[in-house]
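Only a predicted model underlies this, so the values are computations on that prediction, with no experimental measurement involved.
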Amino acid sequence: MTKENKRANKLLRGKRKADKKGDVKVGAESRYMSRNEALKRCQLSLADFRRLCILKGVVPRDPGNSAKAKNKTYYLAKDIVFLANDPLVQKTREFHIYTRKLTHALGKQQFGQAEKLEQRQPVFSLERVLKERYPTFADALRDLGDALTDVFLFANLHSTDVISAERIANCKRLCREFQSYVAATHTLTKAFVSIKGIYYQATLFGTPVTWLEPHHFSQVVDPDVDLRIMATFLELHEALLKFVNYKLYLLLGLKYPPPVDEAHAPHGCFMSTQIDLEAAAAAEEDEDDDKIVPEDEKPAKPKRVLPGMADTPLKSLFAGCTFFLARETPHTALEFVLRAAGARVGWEGPGSPFGVDDAAITHQIVDRPQQAQKMNRIYVQPQWVYDSINAVVKLPTDRYLPGAKLPAHLSPFVDYTQADYVPDQAKWIRRQQRVAQGLTDADEPEEEEEEEEEEQATATPAPLVMRRRRRRRRRRRRGMMMTARTPMRTSPRPLAVMTTRTRMMRTRVRTKTKTKMRMI
């Protein structure tokens, strides 16, 4: 081997060592991993990798170096290592093997083998995923708003190749169970009708839960929306909502799933689930009484109050009122909010507990001008129900009569007491709240006094502001006097110099005047 060949081999070995050393990531680069590297590490396809990331909560990260992160998706390396060792990865591979075997058996017309394979189909269970993501029930309630919005959305869609009819029926059942719990426990606090849908907020064990329910119209799915990714989110949210419903019913002492009134369910009634809190409380007291304990040793404990049986703001808002919903009104949404406020509800159609001629009806909700009206009942538009619930007061019905121009429907999620502009409707509702509390206008501080107090608390003190204004006026006047007495200059003098020269000129004039007076 010549010297040149030896030198070339030595350079080549050095280059290989340098390349190997360059592949090793050090520092901040070792903490991140690109998506292609993650796919190689997990040995999954892109669709399966996305699905597992959604279920496990693994999200892309920004490595911070924009030059290296350009047109690439990065994840934390520890998240990918955690994901690669998850049992769901093995379940995914088993499902692919099952699909391949089933396709092979059907292609060879081995139907007996195909039936055996269907019986051994691998099943995905998300119980362990829920325990990892939500260690406590409070954590699940804090993340319940997104799950409710997603499930309510799919409950109003039509079946497609991605979303089956059975899955949509399951979404409707979960929504009906949750709404039944909120209505029975009177935990609803806010309701706002918007162009997107109806926003609701309920307080469950001190945690506010806000969700959006779309209007019950025929929904058109945008072709740009990837339903496969949304179906993966739905899979997680269905499991979460089912777990929360089970826990809520368990705390009430009721079995889950609850019994459904078959007479009402086919007619689209969301409140067909039967919940009796009084019976649950009585059954629990009977179990305590059945225990054999001497009377002397029995502790004197107060009567237990189940969640939802305590006094809530909406529990007695419409207590004693009977509402009848006309056929043009959205009776499923109105039935939910009215029962959450303690009212009896009936509607025009099959499954209603009473008819339109019932003498016990106190309010009839219509959405069109009425020609003939019956006595001994009040006719209002649907907005009156939502405004009264948000104000926690039965508002006067003068502004909500059939055919009248409705006032502004204000959002209950905005605090108008802290806003710069307060609408007239908000002022009117505030007055009605004060009247319901038995307060008079004299008890309410004037708006001007409130504004002055806010200015004193936040802005600068008034004397200091007045001093600054006086100084500015003096400087403006002095500047005008100097421009009138002296010719224009290309570069004006500073204000301090002009003020000093003006004082000197005034002093000379005064001295000359005093000298002339003395001579006289």
Side-chain angles (χ1 to χ4, degrees), residues 178-193 198 200-204 248 252-254 261 264 269-282 303-326 329-347 351-366 374-401 412 429 431-439:
F178 182 79
Q179 283 187 326
S180 300
Y181 173 85
V182 173
T185 55
H186 311 286
T187 52
L188 184 69
T189 56
K190 296 177 183 179
F192 176 65
V193 183
I198 306 177
Y200 296 110
Q201 187 179 87
T203 304
L204 304 178
L248 293 176
L252 289 180
L254 302 173
D261 189 357
H264 292 176
C269 177
F270 273 83
M271 311 309 298
S272 57
T273 304
Q274 301 174 3
I275 297 179
D276 193 354
L277 295 181
E278 301 294 339
K303 182 180 179 182
R304 183 186 175 190
V305 179
L306 293 176
M309 296 185 65
D311 292 335
T312 56
L314 290 181
K315 188 172 184 179
S316 59
L317 179 61
F318 292 142
C321 299
T322 303
F323 287 79
F324 187 82
L325 310 178
T329 58
H331 75 270
T332 53
L334 287 172
E335 182 186 5
F336 168 56
V337 296
L338 287 172
R339 292 201 178 186
R344 291 181 62 239
V345 186
W347 54 90
S352 177
F354 51 85
V356 66
D357 298 328
D358 194 339
I361 297 175
T362 59
H363 298 76
Q364 184 167 347
I365 301 178
V366 296
K374 297 183 180 182
M375 302 295 292
N376 300 329
R377 68 178 61 176
I378 302 173
Y379 289 82
V380 291
Q381 299 190 46
Q383 184 179 333
W384 177 79
V385 177
Y386 293 98
D387 289 351
S388 299
I389 288 175
N390 295 331
V392 201
V393 171
K394 282 198 289 187
L395 299 174
T397 59
D398 301 339
R399 298 188 176 189
Y400 303 92
L401 296 176
I429 291 176
R431 287 196 298 268
Q432 300 303 325
Q433 290 174 343
R434 298 187 67 82
V435 170
Q437 295 173 2
L439 303 177

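Taking the side chain as every heavy atom from C-beta outward, I378 and W384 never approach each other to under 4.5 Å. Looking at L338 and I365, their side chains come closer than 4.5 Å, going by heavy atoms from C-beta outward. Side chains of Y386 and I198 form a contact here, defined as non-hydrogen atoms less than 4.5 Å apart. Residues L325 and V345 are in side-chain contact: their nearest non-hydrogen atoms beyond the backbone lie under 4.5 Å apart. With a 4.5 Å cut-off on side-chain heavy atoms, L252 and T185 count as touching. Using a 4.5 Å heavy-atom cutoff, the side chains of L334 and W347 are not in contact. A 4.5 Å side-chain heavy-atom check between D358 and T322 finds every atom pair outside the cut-off.
With sequence neighbours left out, the side chain to side chain contact (heavy atoms under 4.5 Å, CB included) criterion links R377 to V356, I361, Q364, K374, Y379. Partners of Q201 according to the side chain to side chain contact (heavy atoms under 4.5 Å, CB included) rule, which considers only residues two or more places apart in sequence or in another chain, are T189, K190, P208, T210, F413.
Taking CG of D387 as the reference point, atom OH of Y400 lies at 3.5 Å (rounded to 0.5 Å). Expressed to the nearest 0.5 Å, how far OG1 of T329 lies from CD of E335 amounts to 10.5 Å. Going from atom CZ of R339 over to atom NE2 of H186 covers 11.0 Å, rounded to the nearest 0.5 Å. The CD atom of Q179 sits 6.5 Å away from atom OH of Y200, with the distance rounded to the nearest 0.5 Å.
F323 and H363 have parallel rings, their planes meeting at less than 30° on a 0 to 90° scale where 60° marks the start of perpendicular.
Panel note: side chain Q381, backbone V366; no donor-acceptor pair is recorded below 3.5 Å.
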field: Steps toward side-chain contact (heavy atoms from CB on, under 4.5 Å) verdict (L254, Y181)
entry: CA-CA 11 Å; L254 302 173; Y181 173 85; over 6 Å; no
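Summarising the geometry of S388 relative to K394, their closest heavy-atom pair is OG-CA, 4.2 Å, with the distance given to 0.1 Å. Heavy atoms only, all atoms of each residue included: S352 and G346 are closest at OG-CA, 3.5 Å.
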